[in-house]
Amino acid sequence: MLDIPISYFWLLPLGLLIGAFGTLIGAGGGFLLVPILLILYPDENTELITSISLAVVFFNALSGSWAYGRMKRIDYKSGIILGALSTAYVPRYTFDMLFGVIMILAGIFLWIAAKDDHSPGLGSQTQPSSAVKAKRLVVRDFVDAAGIRYHYSYNPVIGIVLSVFVGFISSLLGVGGGFIHVPALTRLLNFPVHVATATSHFILTVMALTGTAVHLARGVFVHGARRTAILAVGVILGAQVGAYMSTRLGGKVIIRGLALAMIFVGIRLILTEI
C-alpha cells in the first residue's frame, strides 16, 4: 500500500477544480496549478514544480480531449500541424518573476480579447476560393456531434510559429500554454471558440506528454510522484465536468474572470520576490 501523507489529499479537490476550469476554457489548468504549488511549496525547486504541473496537464488534456472528441469538436488536422515543444530550465527566483510577469500580461490580453461567441457555428467569414489559394490558407469545414457546422480558414505559417512559442513557454513554465493558445487561435487564426478550446486541449496532450517524458527520463519525479497521482485523479474527473459545462456557460464572463485571477496571481508571485 502506498504511504501517502494525509496532507496530500487536499490535492484531490484542487485537481478536480483545476481540471473542470482548465478544460472549460481549453487551457489545461497548469497556469493555475503552478502558482499555487509555488506558493504552497516554497522550498521546492522549479524542475519539480514544472514536472508535476506538466504531468497533471497531460492527464487533464487527455481526459478533456476524450470528452471533446466525443462531441466531435476537435480539429485533429490543425492540432497535428500546430503541435510543437521546446525545453528549458531557469533558477527559482527568475522563474517566479518571469512567470508573474507572463501571468499579468496574459491576463491583460485575455481581458481585452474576451468576446461573446454569438455565432458558435462559424469561424471567419467565408472567402472566395481564389483568395484562399493565393494566401495558402488551410480551410476547415466539419459538423460536430450536436449538428453545428464549423467553417473557417487560417494561415498555417502563423499557426506553426505560434505553436513553437507556446511549446517553449509550456516546457519552461510547466503550464501547458493553453491560456495563450485559446485566445491566439480565436483572434489570430479565426477558430470558433468551441473548436479552439477543444483543439487546444488536443494539442496540450501532445505537448505535455513530450515534456513529461523528458522529466521522467531525468528522474525529476522522485519526490513528486504521489502528489502528481492525486492531482491526476482529480483533473481526470474534473475535465469531464468542464467539457460538459463548455456549451452551457458564456465565454466572455469566464475568460474575464480568468484574466483577473491570472493578474492577481502574477502580482502575488512578483511581490513575494521583491
Side-chain angles (χ1 to χ4, degrees), residues 4-42 44 48-68 71 99-100 102-103 106-107 110-111 114 170 173-183 193-194 196-198 200-201 204-205 208 212 224-269:
I4 302 177
I6 298 297
S7 59
Y8 281 6
F9 282 96
W10 67 270
L11 295 172
L12 184 62
L14 173 63
L16 184 66
L17 292 174
I18 287 177
F21 191 65
T23 300
L24 177 64
I25 62 172
F31 68 97
L32 291 176
L33 181 59
V34 167
I36 291 174
L37 294 179
L38 287 174
I39 293 170
L40 294 177
Y41 299 109
E44 298 286 9
L48 179 59
I49 296 296
T50 55
S51 65
I52 291 175
S53 179
L54 270 179
V56 172
V57 166
F58 165 70
F59 286 108
N60 185 15
L62 182 64
S63 179
S65 293
W66 180 68
Y68 282 131
M71 297 178 185
F99 193 87
I102 289 178
M103 289 283 282
L110 285 178
W111 179 275
S170 171
L173 301 179
V175 296
F179 69 96
I180 301 174
H181 247 146
V182 173
V193 173
H194 288 105
T197 55
S200 173
H201 239 57
L204 291 182
T205 303
T212 298
R226 292 176 296 181
R227 282 173 284 185
T228 301
I230 296 174
L231 283 165
V233 173
V235 297
I236 287 173
L237 297 175
Q240 299 301 306
V241 176
Y244 175 79
M245 293 171 59
S246 67
T247 59
R248 290 166 173 77
L249 296 178
K252 187 172 184 178
V253 174
I254 294 174
I255 294 298
R256 286 194 166 176
L258 164 65
L260 290 176
M262 292 174 67
I263 293 172
F264 173 78
V265 172
I267 293 174
R268 174 70 182 272
L269 283 173

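Atom CZ of Phe59 has 12 or fewer neighbouring heavy atoms from other residues, nucleotides or ligands inside a 6.0 Å radius.
For Thr197, the side-chain hydrogen bond (donor to acceptor under 3.5 Å, both in side chains) criterion is met by no residue, not counting sequence neighbours.
Residue pairs meeting the side chain to side chain donor-acceptor pair (under 3.5 Å) criterion with at least one partner in residues 21-33, sequence neighbours excluded, are Thr23-Asn60, Thr23-His201.
At a threshold of 4.5 Å between non-hydrogen side-chain atoms, the residues Trp66 and Gln240 count as touching.
Between Tyr41 atom OH and Ile52 atom CD1 the span is 7.5 Å, to the nearest 0.5 Å. Going from atom CG of Leu237 over to atom CG of Leu12 covers 7.5 Å, rounded to the nearest 0.5 Å. Separating the OG atom in Ser63 from the OH atom in Tyr68 is a distance of 10.5 Å, to the nearest 0.5 Å. Here Leu40 contributes atom CG and Arg227 contributes atom CZ; the two are 10.5 Å apart, rounded to the nearest 0.5 Å. Interatomic distance, Leu231 CG to Leu16 CG, rounded to the nearest 0.5 Å: 11.0 Å. Rounding to the nearest 0.5 Å places CG of Leu33 at 9.0 Å from CG of Leu38.
For the residue pair Leu14 and Ile36, the shortest heavy atom distance occurs at CD1-CD1, 3.8 Å.
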